[in-house]
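First the structure, in the form of structure tokens, and then the observations on it.
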Amino acid sequence: MRILYLDLDTLRPDHLGCYGYHRDISPNIDNIAEQGVRFNNYYCSDAPCLPSRTALMSGRFGIHTGVVNHGGIAADMRHEGKNRDFRDKLGFDSLPAFLRSAGFKTVSISPFAERHSAWTFYAGFNEMYNTGKCGAESADDITPVALKWIDANAREDNWFLHINYWDAHTPYRTPLEFGNPFKDDPIPNWITPEVLEYHKRMVGPHTALDLNMYNGDCDPYHPENPGEIQNMADLKKVIDRYDCGIRYMDEHIGTILTSLSKHGVLDDLAIIVSADHGENLGELGIYSEHATADNPTCRIPMIIKWPGGLKGHVDKGLHYNLDLAPTLAELLAEKPADSWDGQSYADAVKNGAECGRPYVVISQCAHVCQRSVRFGPWLYMRTYHDGYHLFPDEMLFNIANDPYEQHNVAYDNYNVCLEGAYYLMKWHDNMMKSMDCDTDPLWTVIMEGGPYHARGHLKAYCKRLEETGRGYAISELKKRHPREFEI
């Protein structure tokens with residue numbers, strides 16, 4: 001048995017052809033989807049990068065691991081404490097460690113652990129290849145390492161190869177010589193000039209006038225990415241650059257698949273295609289960032305081509321990224337770890353059975369502090385720290401009718417908000433009851449002064465707001481975040 005895991009950073013499913021995107025962007029990924037099962041409602045439990053991959057590899061929610069932020073106490077996994085054995089639980093229960101105990105050689109080609117000092121990410125891997133640029137890699141840095149490993153090892157049995165591409169992650173870094181395959185293609189038609197003008201009046205990091213988080217400066221290393229979106233031409237440039245990153249990754253995936261075919265192992269190879277999180281591209285007024293607990297940030301692709309599994313099937317159930325570990329356990333007829341929070345959806349892969357959850361809770365504590373509930377057609381969002389975006393405490397979106405989250409309908413749907421709040425409370429109670437400590441890491445982040453990416457910037461940012469005609473927001477920001485102005 002051989003398994004290839006393609007971990008494509010910051011990949012929105014709705015920017016893939018197999019999920020209905022209007023651009024010719026992902027022929028190789030689309031081909032994998034035709035040979036396997038595509039999951040339509042698949043979510044990372046905790047966004048963005050560090051919390052998401054910690055949940056994936058540990059099989060546990062961020063509220064359990066303690067990892068929900070990009071800095072501070074909640075960026076490190078909780079210690080097991082006095083009951084820690086000679087080896088910790090990750091040495092046995094992490095996804096790679098589980099596969100290793102099942103007889104797989106486990107290999108990762110990724111800079112992720114060094115990027116976030118997330119050394120627990122390595123738990124259970126036999127071989128780790130750090131490509132050395134801390135997430136600033138393009139596919140040109142990743143593919144040669146992967147091809148070398150494939151040439152040396154492809155014909156061996158029982159391996160799990162994790163390959164991590166970063167080209168869709170901001171700053172979008174596709175080489176300029178690649179050109180723009182989408183220069184004549186329209187952008188998604190929901191962002192009209194009127195919508196963009198509204199977004200230009202909004203405040204907060206990565207809004208239209210502040211693509212560089214707290215200012216409109218261009219990245220000197222990536223000048224092709226605009227620092228502000230002043231007009232529709234700027235907007236098209238942003239979306240084209242993101243899509244070029246996806247197309248560039250897809251071409252390199254084609255190179256990987258060709259090599260595996262050359263070695264005669266492609267036909268019976270299990271292939272998993274997924275991401276750590278998605279990307280806001282205008283939703284909630286945010287561009288080129290994965291900064292919220294909403295559908296664009298937390299909904300991720302999941303495609304599984306499994307030997308003997310269904311082909312061309314689409315699953316519509318609600319699932320988490322942390323459900324992958326128990327799913328693989330069932331597919332491999334192995335016993336799942338007791339510590340995992342996930343729920344297997346192996347029956348969906350094998351026979352198309354409906355095995356989704358009634359609702360999922362998604363979280364974000366690195367840019368804002370939010371928890372949201374996805375159920376039925378609804379996304380119910382609660383904001384505990386707005387990350388300087390002036391979000392209301394409670395938001396509700398009908399994702400079926402309003403997939404780009406333009407209309408907060410919380411005030412018109414009181415009973416739906418009550419239902420979402422009930423699910424959130426029920427989930428939180430169950431999480432706290434199943435913990436060996438009494439601390440919710442979301443509140444650790446709040447007590448530390450807020451999310452890592454929205455801490456200590458507000459004084460300087462208010463000057464930027466004055467300079468760009470958005471001073472109307474300053475009084476409310478001071479009211480919400482008085483500690484930022486204390487001397």
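In this text the structure is predicted, and so the values were computed from the model without any measurement. Only heavy atoms go into these numbers, but all of them, side chains included; no hydrogens, no water, no symmetry mates.
Among residue pairs with one or both ends in residues 113-125, those qualifying as side chain to side chain donor-acceptor pair (under 3.5 Å) are E114-N130; sequence neighbours excluded. Among residues at least two apart or in separate chains, ring-ring contact (aromatic ring centres under 6.0 Å, His included) pairs with a member in residues 429-448 are Y384-W443. For residues 47-68, the pairs satisfying side chain to side chain donor-acceptor pair (under 3.5 Å) are D7-R53, D9-R53, S52-N321, R53-D276, H64-D341, H64-S434, with sequence neighbours left out.
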Please report the C-alpha distance between Y411 and E394 in whole Å, then the side-chain angles of each, then the deciding distance to 0.1 Å, and finally whether the side chain to side chain donor-acceptor pair (under 3.5 Å) criterion is met.
-> CA-CA 9 Å; Y411 302 110; E394 190 174 57; over 6 Å; no
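Note that CZ of R201 and OH of Y472 are 8.0 Å apart. Values are rounded to the nearest 0.5 Å. Residue S94 holds its OG atom at 8.0 Å from CZ of F125, rounded to the nearest 0.5 Å. Note: R374 CZ to D294 CG = 11.5 Å, rounded to the nearest 0.5 Å. Put simply, OG1 on T327 and CG on L322 are 10.0 Å apart, with the number rounded to the nearest 0.5 Å. Atom CG in L209 sits 5.5 Å away from atom CD in E228 (nearest 0.5 Å). Between L458 atom CG and L477 atom CG the span is 5.5 Å, to the nearest 0.5 Å.
Using a distance-only test at 3.5 Å, with no hydrogens or angles considered, no donor-acceptor pair links the side chain of D185 to the main chain of R23. At least one donor-acceptor pair closer than 3.5 Å links the side chain of N180 to the backbone N or O of F182. A donor-acceptor contact shorter than 3.5 Å is absent between the side chain of E251 and the backbone of M249. Side chain of Q364 to backbone of A366: a donor-acceptor contact under 3.5 angstrom is found. Counting only distance, with no hydrogens or angles, the side chain of R382 and the backbone of R371 share no donor-acceptor pair below 3.5 Å. N41 contributes a side-chain N or O that, together with a main-chain N or O of K316, makes up a donor-acceptor pair within less than 3.5 Å. Between the side chain of H457 and the main chain of A454, no donor-acceptor pair closer than 3.5 Å is present. Side-chain atoms of N212 never come within 3.5 Å of backbone atoms of C218 as a donor-acceptor pair (strictly under, hydrogens ignored). E476 places no side-chain N or O within donor-acceptor distance of the main-chain N or O of L390, the cut-off being under 3.5 Å. Between the side chain of K236 and the backbone N or O of K183 there is at least one donor-acceptor pair closer than 3.5 Å.
For the residue pair Y172 and E279, a side-chain donor N or O sits within less than 3.5 Å of a side-chain acceptor on the partner. In this model, a donor atom of one side chain and an acceptor atom of the other lie less than 3.5 Å apart for Y165 and T143. Counting only N and O atoms by type, the side chains of D250 and S26 include no donor and acceptor under 3.5 Å apart. Side-chain N/O atoms of Y423 and E419 include a donor and acceptor closer than 3.5 Å. Donor-acceptor pairing under 3.5 Å is recorded for the side chains of S339 and D93.
Cation-pi geometry between R357 and Y320 is not satisfied (NZ or CZ under 6.0 Å from the ring centre, within 45° of the ring normal). Geometric assessment of R464 against the ring of Y214 yields a negative cation-pi assignment under the 6.0 Å and 45° thresholds.
In this structure the side chain of F397 never reaches within 4.5 angstrom of the side chain of E283, judged on heavy atoms.
In this structure, H453 and H367 have parallel ring planes: the angle between them is below the 30° cut-off, well short of the 60° mark. The aromatic rings of H319 and Y42 sit tilted relative to each other, their planes meeting at an angle between 30° and 60°. Using bins of under 30°, 30° to 60° and over 60° for the plane-to-plane angle, the ring pair W166/F112 lands in the parallel bin.
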Name the atoms and distances for all side-chain donor-acceptor pairs under 3.5 Å in residues 401-409, with sequence neighbours left out.
unit_1 : atom_1 : unit_2 : atom_2 : d
D402   : OD1    : E405   : N      : 3.3
D402   : OD1    : Q406   : N      : 3.0
D402   : OD2    : Q406   : N      : 3.0
D402   : OD2    : H407   : N      : 2.8
E405   : OE2    : N295   : N      : 3.0
N408   : OD1    : L396   : N      : 2.9
N408   : OD1    : A410   : N      : 3.1

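A search for ring-ring contact (aromatic ring centres under 6.0 Å, His included) contacts involving H481 returns H385, Y388, not counting sequence neighbours. Applying the side-chain hydrogen bond (donor to acceptor under 3.5 Å, both in side chains) criterion to Y21, with sequence neighbours excluded, gives H15, D243.
Atom OH of Y452 has 12 or fewer heavy atoms from other residues, nucleotides or ligands within 6.0 Å. Heavy-atom neighbours of D429 CG from other residues, nucleotides or ligands within 6.0 Å: above the threshold of 12.
The pair D219-R173 does not count as a salt bridge, with every side-chain nitrogen at least 4.0 angstrom from each carboxylate oxygen. Ion pairing of K200 with E197 is present here, as a side-chain N (NZ or NE/NH1/NH2) and a carboxylate O approach within less than 4.0 Å.
When ring centroids are compared, W340 and F98 come within the 6.0 Å threshold.
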